[in-house]
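Residue numbers begin at 1 in each chain, while the letters A, B, ... track the order of the sequences.
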There are 2 protein chains.
Amino acid sequence: MAATRDQIMKAAIQHLNESPAASMAQLAEAVGISRATLHRHFSSRDDLMLALAHRAHDQWEDLQTSSGMVAATASQDRAALERALKALLEGLIEVADEYGFGLTDDRLATHPELKRRADELEEREVVFYAAAQRAGLLRADLPARWISNTVFGLLVAVRESLRNGDVARRDVARLLLDTFLHGAAPEKERA
Amino acid sequence: MAATRDQIMKAAIQHLNESPAASMAQLAEAVGISRATLHRHFSSRDDLMLALAHRAHDQWEDLQTSSGMVAATASQDRAALERALKALLEGLIEVADEYGFGLTDDRLATHPELKRRADELEEREVVFYAAAQRAGLLRADLPARWISNTVFGLLVAVRESLRNGDVARRDVARLLLDTFLHGAAPEKERA
DNA sequence: AGCATGTGAGACGAAATTGTCTCAAACAAT
DNA sequence: ATTGTTTGAGACAATTTCGTCTCACATGCT
């Protein structure tokens, strides 16, 4: 069974999303290669996880640019910020869904190198949210870091919803955006 | 070092919140007892985790009653539902904070017996949210299960915020309630 | 003092996982 | 066809964790 490094990583991610604690042997089987071959591509389990996390972080970083988040933060333009916010959240859903296991894996979250990178990326988003607050796009009475953590939490909610089959995949983006921006109370309500 | 079963569990929970993958040896050390004694109280690691989860579920279930959630669901009374919603969310913060590691521990989430109990408790909340929707307290255009998952996600956000020190403990309840009900957009805004 | 109970330290084997290695078979390229 | 590369199967030692067990010691009670 031949497999490129890329195919291995994709299959590994897919399996880790179902069994976050899978062993190297289980991952090799899921990929369809032998344990020896898996070790030829990734010298250790840490190596593999590092590579997967690095890939996820790359996609995340690319999204921050492609969504216009970076540019909008710099421009402080309200319309640009609004477009970027929507694109960012929609993109985050995809990344978070693909690398879902990473959302709640403690070993990844506490890995020094990975934590540094994640903190750095998250910090950019905090700055972006702060800019959105100044533009009147997001409430100014909420800490920007809380907003950032809220988005993270809602991504976890999306993952849960999809895993349980509670909502259809095509609906999650709308639900996330809507809930994040307007909350769960009716518009006229003041609770 | 003498310790009651209760003290052991409390100390174990505390340590697991910092090191979710802690071994029995590490837990024993954190509790301040020997590994042998820990095994005298809990025959296996599974046994300990089961006991901890059971305790968490009990508190959760108690909260569903003490918050008035159960009664309000049955009564369909709008004011009662509103009071219950507030009390439930505030109580969930405490439970989720105390047993934070359980929010994202895959081994607990997939344990058949625990999953059954958690699903059962969550189902009650879904019914409650549905009642709140009928009473006009929550938006009717959101799936009740999505609302339930949203609350779960926001609890994860709370845990993250407290771990990182992003927000003060006394503020989290207000932030959670406020964000959950009204979202992150300014009231006049329509994004 | 004498006795019973609980505890800590540590040894022990069992099991799982990891990373390395060897060797034979399959494969690709020339 | 031959050569060089890659792969799979499996053996291997090292490590970790777990659950059990023994034994000495302390603590409390009568």
Side-chain angles (χ1 to χ4, degrees), chain A residues 1-56 99 101-102 104-114, chain B residues 1-56 99 101-102 104-114:
Chain A
M1 179 75 63
T4 73
R5 187 182 169 91
D6 221 68
Q7 291 172 314
I8 293 176
M9 292 174 74
K10 280 185 183 171
I13 290 169
Q14 201 170 339
H15 192 256
L16 282 170
N17 273 328
E18 293 169 6
S19 303
S23 68
M24 288 294 267
Q26 291 171 319
L27 289 175
E29 187 188 351
V31 176
I33 60 177
S34 73
R35 207 161 65 89
T37 302
L38 181 55
H39 266 98
R40 285 188 188 102
H41 285 274
F42 303 94
S43 64
S44 70
R45 192 179 201 283
D46 246 34
D47 212 44
L48 171 59
M49 301 307 275
L50 255 300
L52 296 184
H54 192 61
R55 188 199 199 77
Y99 300 92
F101 72 97
T104 52
D105 187 314
D106 182 71
R107 299 170 67 178
L108 290 185
T110 56
H111 193 295
E113 180 190 335
L114 297 180
Chain B
M1 176 78 61
T4 73
R5 187 181 169 93
D6 221 68
Q7 291 172 315
I8 294 176
M9 292 175 74
K10 281 186 184 171
I13 289 169
Q14 200 170 339
H15 192 257
L16 282 170
N17 273 329
E18 293 169 8
S19 304
S23 68
M24 288 293 268
Q26 291 170 318
L27 289 175
E29 187 187 352
V31 176
I33 61 178
S34 72
R35 206 160 65 90
T37 302
L38 181 54
H39 266 99
R40 285 187 188 101
H41 286 273
F42 303 95
S43 63
S44 71
R45 193 179 201 280
D46 245 34
D47 214 44
L48 172 59
M49 301 306 276
L50 255 301
L52 297 184
H54 193 62
R55 188 198 199 77
Y99 300 92
F101 72 96
T104 53
D105 186 316
D106 183 71
R107 298 170 67 176
L108 290 183
T110 57
H111 194 295
E113 180 189 336
L114 297 179

Note to self: Output the rounded distance in Å from NE2 (A:His39) to P (D:dG8).
What the structure shows: 14 Å
Next item on the list: Mind calculating the distance between CD1 (B:Ile33) and P (C:dA9) to the nearest angstrom?
Entry: 11 Å
Next item on the list: Report the distance from atom CG of A:Leu48 to atom P of C:dT17, rounded to the nearest whole Å.
Entry: 16 Å
Notebook entry, point to check: Should we say atom CZ of A:Arg55 is surrounded by more than 12 heavy atoms from elsewhere, each under 6.0 Å from it?
Noted result: yes
Check: Taking atom P of C:dG6 as reference, at what distance in whole Å does atom CD of B:Gln7 sit?
Finding: 16 Å
Item checked: Phosphate contact (C:dG8 OP1 or OP2) by B:Thr37 side-chain N/O below 4.0 Å -> yes
Next item on the list: Looking only at side-chain atoms of A:Ala36, point me to the closest of D:dG8, C:dT20, D:dC18.
Entry: D:dG8
Margin query: Any side-chain to backbone donor/acceptor pair from B:Arg45 onto B:Met24? Under 3.5 Å, distance only.
Written below: no
Notebook entry, point to check: Tell me: CG of B:Leu27 to P of D:dT16, nearest whole Å?
Noted result: 18 Å
Check: For B:Arg35, which contact category applies under a 4.0 Å heavy-atom criterion: base, sugar-phosphate, or nothing?
Finding: base
Notebook entry, point to check: Which is true for A:Arg40 with a 4.0 Å heavy-atom rule: it touches a base, it touches only sugar-phosphate, or it touches nothing?
Noted result: base
Margin query: In this structure, how many angstroms lie between the P atom of C:dG6 and the CZ atom of B:Arg5, rounded?
Written below: 15 Å
Check: Starting at CG of A:Leu38 and ending at P of D:dT7, how long is that distance when rounded to a whole Å?
Finding: 11 Å
Next item on the list: Kindly give the heavy-atom pair with the smallest separation between B:Leu52 and B:Ala12, and that separation in Å.
Entry: CD1-CB, 4.5 Å
Checklist line | Donor-acceptor contact below 3.5 Å, side chain A:Gln26 vs main chain A:Ser23 | finding: yes
Item checked: Length of the line joining B:Arg45:CZ and D:dG19:P, which is rounded to integer Å -> 9 Å
